[in-house]
Structures are given as C-alpha cells and as structure tokens.
Amino acid sequence: MEVRKHCSLLRLNQDLIQDIRNDTPDIRFMELLCAGKADEVAGLFREKKMFWDEPPVIDAPYERFEGLDGIRRFAAGFNGVFGAAVSSFTPVFQTRAGGRIALECVVSFVVNGMIEEVPMVVVTDLRTPKLLEEVRIYCHYSYVPGLQPYRKPIFRSAHLETGDPGLLTGAFKAYYEALHHAPYCDAERIRRAFAPDCIVGGYEPWDAPVRSREEMGKDAQEFGKHLSTYIPACVGMRYETLIDDGRTSVIEWVHVVSRQGAEKLNRVAMSAVSAYTKNDDGYLCSVRICDFPGHETEIDWSRTGITEAEAKAINRVEEFPAGCGNKPQLPLL
C-alpha cells in the first residue's frame with residue numbers, strides 16, 4: 001500500500017533498534033488499540049488504581065479519558081480520530097525502568113486507501129507485569145485533524161524550577177546541565193555531549209520536509225546554538241517522570257515559563273516528552289523531542305478547554321536563578 005506521508009522516526013533510528021520485548025503490556029495495548037478491540041484494551045486496566053482511590057487514565061493529545069468506560073471510548077474512537085479505518089504499529093524504541101515503559105513507535109493509519117505514518121511515544125505506568133494503571137500518549141498536534149497546538153500540563157509541578165541534574169547520569173546529565181544553565185544554555189557543552197553522528201529528530205510536524213540523515217546530522221551539531229537564544233532565560237523543561245535504562249533516557253516534562261518568555265515569545269506551559277539514546281562510547285547518538293515550540297500564536301483558545309489567562313498562569317516564574325537546579329533555600333531557623 002502506498003504511503004502518503006512518511007515520518008522519520010524509524011528511518012533515522014532503524015540501526016539502533018534492539019531489546020524490544022513483545023510480551024509487555026505496552027505492546028499488547030498498542031496491538032489491541034490498532035485492532036479496535038475496545039473491551040480488550042479496557043481489560044488491561046482495573047476499575048481503580050491499586051493504591052489510590054482513582055480511576056485508570058489514558059491521557060491522549062486530544063483528550064483525557066478516565067475510568068474503564070472512558071478507556072473503552074478512547075479505544076473505540078482511536079482510529080477514527082486520525083481519519084482511519086484500520087491501523088498497525090512498528091516499535092522503534094522500548095525503554096523499561098522504574099515501573100514504567102516508554103514505547104516509541106510508528107503508527108500506520110490507513111486513510112482513504114493510503115498509509116499515513118504517525119510517530120508516537122506511549123508511556124505506560126504498570127500495575128503488574130501484565131496490567132496497566134495509566135497511559136500517556138504523545139504525538140505532534142499536526143497529525144491529529146483539528147487539534148490545537150496546546151497540551152495542558154498533565155502533572156502538577158512540585159516546584160517551579162528546572163529539574164535536579166543529580167537524578168541523571170553521564171551524557172544525559174551533561175546535556176541537561178548545559179541546556180538549563182541560566183541565564184542561557186551552553187551550546188558548546190551541549191555539542192560535546194553529542195556523538196559526531198548524532199541525530200536530532202523523529203517527531204517533526206506533518207508538513208516537515210524529508211531530510212537525509214546526513215543533513216540532520218549536520219544540523220545536530222548546531223542544535224545548541226539555536227537553543228541558546230532562549231533556554232532557559234525564557235523557558236525551562238522541568239521533568240516530571242524519568243525512565244532510564246542506562247542506554248536510553250525518556251523524560252516527560254512540562255515547561256516552566258519566565259516573564260521574559262511569556263512577554264517576548266508568548267510561551268505557555270505545556271506537557272511534552274523527550275528521549276535520548278547513548279552509543280557504546282557514552283555519547284548521545286539520538287535525541288528525539290515531541291513538543292510544539294513556536295506554535296503558540298496559532299492556538300485558538302476557544303477550542304482548548306482552558307482560557308488563555310488560565311494557561312498562561314501555569315508554571316510562571318519571574319526568572320530562573322543563575323546556574324542549574326539552584327533553588328533558593330529558606331534561611332535556617
């Protein structure tokens with residue numbers, strides 16, 4: 001079947017695929033979801049979370065679904081949201097650690113007799129080795145017909161600063177420290193965390209041009225220079241979950257926005273996800289980020305379920321303290 005739209009996630013990273021287990025509930029979830037088996041998708045959950053009096057949840061880019069009935073509704077409508085009759089998926093990365101699994105995959109939707117490839121990150125919180133408690137799905141908004149370029153923060157941040165670098169190790173830590181060293185990130189330190197053939201990409205918008213691996217590799221070496229124009233002076237990425245198997249680190253994060261970022265760049269706090277893979281020498285060889293930067297002016301706030309004022313009040317700070325992870329300390333009593 002002809003492919004109407006190719007995505008780059010698999011093409012860029014096919015030589016890195018390894019250690020994907022097919023007996024895990026994330027894989028089963030996607031198999032059943034693509035097959036439209038709503039009752040069986042719901043069967044992967046229980047009526048309440050194990051240790052909390054809360055319903056199971058699927059948080060998709062376009063809606064949050066709670067409880068078993070909500071999960072059935074999500075599964076029954078999944079293909080239709082993308083305008084498809086049927087779909088299938090190809091796993092690319094599977095990162096397992098700490099009771100969570102991050103599955104990066106390409107979902108192939110059949111739309112009007114042609115395939116449209118959509119790169120997705122599917123993060124599952126495990127109840128048991130075979131059952132799920134919560135699922136959070138990420139893809140670029142441009143793949144979902146009618147979706148706004150806004151993703152309300154899924155997590156409520158414990159404090160309004162970037163994450164603590166000590167929770168990371170190796171190249172992941174070096175990259176994060178360089179990225180979030182206020183007032184502006186260190187482009188050269190970011191470059192030094194990258195392997196010479198590092199690729200940055202995989203979750204580009206629907207209309208992004210298809211570029212060669214060589215072109216994207218060249219851009220990766222200049223990646224930090226672009227970031228250093230606004231991170232973290234305008235916006236920081238505070239991680240809320242961390243899935244790190246020693247080879248790949250997947251971070252679910254939310255923006256923390258400074259006054260400068262809000263007033264000069266119209267930035268607003270959103271949920272997003274990033275994944276970083278190291279080569280055998282310990283350098284980053286693949287960086288994959290799924291967010292909506294620069295599209296804030298396109299948001300139609302009448303269609304988001306939250307007002308512009310409410311959204312802009314989330315995770316706002318005056319500015320970030322100098323350094324990285326340097327929260328002001330209360331004086332000793």
Side-chain angles (χ1 to χ4, degrees), residues 1-14 16-17 20 26-38 41 58-65 71 73-95 101-124 135-152 154 199-211 213 216 250 252 270-275 286-295 298:
M1 190 176 293
E2 186 178 354
V3 178
R4 175 185 288 115
K5 179 61 182 178
H6 293 270
C7 74
S8 63
L9 179 65
L10 179 59
R11 176 177 60 89
L12 293 176
N13 296 289
Q14 55 189 349
L16 297 176
I17 298 175
I20 292 176
D26 58 317
I27 295 290
R28 184 62 176 156
F29 173 82
M30 289 303 298
E31 289 173 343
L32 296 171
L33 186 60
C34 290
K37 297 182 178 181
V41 170
I58 295 178
D59 199 297
Y62 46 89
E63 189 176 342
R64 183 175 175 88
F65 301 82
I71 289 170
R73 183 168 64 86
F74 161 78
F78 177 69
N79 286 325
V81 166
F82 292 86
V86 296
S87 62
S88 61
F89 79 103
T90 303
V92 182
F93 290 95
Q94 187 189 51
T95 308
I101 302 175
L103 176 67
E104 298 177 69
C105 60
V106 176
V107 182
S108 297
F109 293 98
V110 179
V111 181
N112 297 326
M114 298 181 70
I115 292 175
E116 296 179 356
E117 297 178 344
V118 179
M120 291 187 179
V121 186
V122 182
V123 178
T124 52
V135 178
R136 296 174 295 280
I137 300 173
Y138 300 85
C139 72
H140 197 273
Y141 80 92
S142 58
Y143 287 92
V144 185
L147 188 64
Q148 293 297 304
Y150 176 72
R151 181 72 179 267
K152 182 179 179 180
I154 300 170
I199 294 295
V200 176
Y203 294 97
E204 293 82 12
W206 167 268
D207 57 356
V210 176
R211 295 187 295 162
R213 204 177 193 284
M216 297 187 79
V250 179
E252 293 177 278
M270 300 191 206
S271 275
V273 66
S274 301
S286 177
V287 175
R288 306 173 297 281
I289 303 170
C290 185
D291 64 352
F292 315 149
H295 294 274
E298 302 169 21

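Keep in mind the model is a prediction, meaning the values are calculated, not measured. Every heavy atom of this structure was used, including side-chain atoms; hydrogens, water molecules and symmetry mates were not.
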For Pro91 and Cys105, the nearest pair of non-hydrogen atoms, with its separation, is CA-CB, 4.0 Å
Residues 73-83 vs salt bridge (charged side-chain N to carboxylate O under 4.0 Å, His left out), sequence neighbours excluded, gives Glu63-Arg73
dist Ile58:CD1 -> Phe65:CZ (nearest 0.5 Å) comes out at 8.0 Å
OG1/Thr90 to CD/Gln14 distance, rounded to the nearest 0.5 angstrom?
11.0 Å
Contacts of Ser271 that satisfy side chain to side chain contact (heavy atoms under 4.5 Å, CB included) - sequence neighbours left out
Arg151, Pro153, Ile154
Please find the pair of heavy atoms, one from Ile101 and one from Gln94, that lie closest to each other, and give the distance.
CG2-CG, 3.7 Å
Could you work out, with side chain to side chain contact (heavy atoms under 4.5 Å, CB included) as the rule, every residue matching Cys290, not counting sequence neighbours?
Tyr138, Tyr203, Val273
Within 6.0 Å of NZ in Lys5, more than 12 heavy atoms from elsewhere:
yes
Check whether the ring centres of Tyr141 and His295 lie less than 6.0 Å apart, and answer yes or no.
yes
Any sub-3.5 Å donor-acceptor pair from Asn79's side-chain atoms to Cys34's backbone N or O?
yes
For side-chain contact (heavy atoms from CB on, under 4.5 Å), just list the numbers for Val92 and Ile17, CA-CA rounded to whole Å, side-chain angles, deciding distance to a tenth of an Å, and then say yes or no.
CA-CA 6 Å; Val92 182; Ile17 298 175; 4.2 Å; yes
Which atom of Leu147 lies closest to which atom of Pro61, heavy atoms considered
CD1-O, 3.7 Å
Got a second to check how far Glu204's CD is from Ser8's OG, nearest 0.5 Å?
3.5 Å
Rounded to the nearest 0.5 Å, what separates atom CG in Leu12 from atom CZ in Arg213?
6.5 Å
Side chain to side chain contact (heavy atoms under 4.5 Å, CB included) involving Pro293 - partner list, sequence neighbours excluded
Arg267, Asp291
Distance-only donor-acceptor hits, side chain of residues 110-118, under 3.5 Å, sequence neighbours excluded:
residue, atom, partner, partner atom, Å
Glu116, OE2, Arg4, NH1, 2.8
Glu117, OE1, Cys7, N, 3.0

Reported OG1-to-CD1 distance for the pair Thr95 and Ile20, which is rounded to 0.5 angstrom
9.0 Å
Which residue is it: Phe89, Phe78, Tyr143? I am looking for the one with a ring-ring contact (aromatic ring centres under 6.0 Å, His included) to Phe109.
Phe78
For Asn13 and Ser286, test the side chains for any donor-to-acceptor distance below 3.5 angstrom and give the result as yes or no.
yes
In sequence, state the C-alpha distance, the side-chain angles, and the governing distance for Val210 and Arg11, and then conclude on side-chain contact (heavy atoms from CB on, under 4.5 Å).
CA-CA 10 Å; Val210 176; Arg11 176 177 60 89; 3.9 Å; yes
Closest heavy-atom pair and its distance - Ala75, Leu33
CA-CD1, 3.6 Å
List for me each residue that meets side chain to side chain contact (heavy atoms under 4.5 Å, CB included) alongside Ser142, sequence neighbours excluded, and say none if there are none.
His140, Pro205, Trp206
Assess whether side-chain contact (heavy atoms from CB on, under 4.5 Å) is satisfied between Leu103 and Val121, documenting all intermediate values.
CA-CA 6 Å; Leu103 176 67; Val121 186; over 6 Å; no
Given Tyr62 and Val81, is the side-chain contact (heavy atoms from CB on, under 4.5 Å) satisfied, shown in steps?
CA-CA 9 Å; Tyr62 46 89; Val81 166; 3.8 Å; yes
So, applying side chain to side chain donor-acceptor pair (under 3.5 Å) with Asp59, which one of Arg64, Lys152, Arg136 is it?
Arg64
One should read off an interatomic distance between Ile199 CD1 and Leu9 CG, to the nearest 0.5 angstrom, of 12.0 Å
I need the minimum non-hydrogen distance between Glu104 and Val250, along with the two atoms involved.
OE2-CG2, 4.4 Å
Glu31 side chain vs Phe29 backbone, donor-acceptor pair below 3.5 Å:
no
Evaluate the side-chain proximity of Val123 to Val135: yes if any heavy-atom separation is below 4.5 Å, no if none is.
no
Side chains of Val122 and Met30: does their closest heavy-atom pair fall under 4.5 Å?
yes
